[in-house]
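Written out below as structure tokens is the structure these notes cover.
All residue numbers in this chain count up from 1 along the given sequence.
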Amino acid sequence: IREARMAALLVADVYYSVVPGREGLHFHTDSGSSFCLLAPETPGVSFWLALDDVDACRGGGLEVCSLQAPENCTVYQLRRGDAILFSRHAVHRTARWRRGVDSGGRRALVG
């Protein structure tokens with residue numbers, strides 16, 4: 001049996017920042033985003049590398065929905081340097097900031 005191999009590519013990388021009072025990106029997939037250079041059906045993963053601590057209680061974190069049950073979403077709490085890998089077809093967004101949060105912000109490298 002001959003094994004098919006695909007070359008690993010880093011297609012896009014972005015510095016992303018969101019501050020309290022701003023919504024950030026709404027629900028989207030990276031396979032359908034405007035900065036993705038591959039055909040939408042191409043398999044792959046997206047990454048999100050936290051440059052700041054992200055406390056789920058404050059908001060502003062990454063919310064990722066299940067491919068099998070899109071109504072089932074998880075908001076991730078991360079420490080600076082933590083990374084999340086998820087399907088580039090998964091619906092995700094910047095989680096809403098909690099009311100009354102007025103300081104700090106959240107930065108990440110995404111791709």
Side-chain angles (χ1 to χ4, degrees):
I1 297 176
R2 209 176 152 141
E3 188 177 318
R5 294 184 184 253
M6 293 179 62
L9 299 172
L10 176 61
V11 177
D13 60 278
V14 177
Y15 169 79
Y16 183 72
S17 177
V18 64
V19 296
R22 303 282 186 193
E23 284 197 30
L25 290 175
H26 296 280
F27 278 120
H28 66 284
T29 66
D30 290 341
S31 62
S33 67
S34 60
F35 62 86
C36 192
L37 305 173
L38 297 174
E41 64 277 2
T42 304
V45 296
S46 294
F47 71 89
W48 196 85
L49 174 66
L51 300 178
D52 297 301
D53 291 344
V54 178
D55 182 348
C57 294
R58 290 179 38 161
L62 180 68
E63 184 173 4
V64 180
C65 302
S66 167
L67 288 173
Q68 291 76 26
E71 68 283 353
N72 184 14
C73 303
T74 302
V75 177
Y76 289 92
Q77 179 167 304
L78 303 166
R79 304 275 301 160
R80 180 180 173 195
D82 288 348
I84 296 176
L85 296 174
F86 55 96
S87 169
R88 65 188 289 266
H89 301 285
V91 174
H92 60 284
R93 71 172 178 175
T94 303
R96 297 185 189 279
W97 289 100
R98 302 291 183 238
R99 198 173 286 264
V101 173
D102 60 359
S103 64
R106 194 262 297 149
R107 300 171 299 152
L109 293 178
V110 298

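The shortest side-chain heavy-atom distance between His28 and His92 falls under the 4.5 Å cut-off. By the 4.5 Å heavy-atom criterion applied to side chains, Val91 and Pro70 are not counted as neighbours. A heavy-atom distance below 4.5 Å is found between the side chains of Asp53 and Arg80.
Distance check, rounded to the nearest 0.5 Å: CG of Asp55 to CZ of Arg79 gives 10.0 Å. Between the NE2 atom in His89 and the OG atom in Ser31 there is a gap of 5.0 Å [rounded to 0.5 Å]. To the nearest 0.5 Å, the span separating CG on Leu62 from OG1 on Thr94 amounts to 7.5 Å.
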Test log, rule side chain to side chain contact (heavy atoms under 4.5 Å, CB included), inputs Val45 and Arg88: CA-CA 5 Å; Val45 296; Arg88 65 188 289 266; over 6 Å; no
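Here the closest heavy-atom approach between residue Phe86 and residue Ile84 is recorded as CD2-CG2, 3.8 Å. Looking at every heavy atom in both residues, Ala83 comes nearest to Leu49 through CB-CD1, 4.1 Å. Scanning both residues, Ala95 and Val75, for their nearest heavy atoms gives CB-CG1, 3.9 Å.
Note: the hydrophobic cluster containing Val64 also contains Val110 (ILVMFWY, side chain heavy atoms under 4.5 Å, direct or indirect links).
No option in Asp82, Val54, Leu85 other than Val54 meets the side-chain contact (heavy atoms from CB on, under 4.5 Å) test with Trp48.
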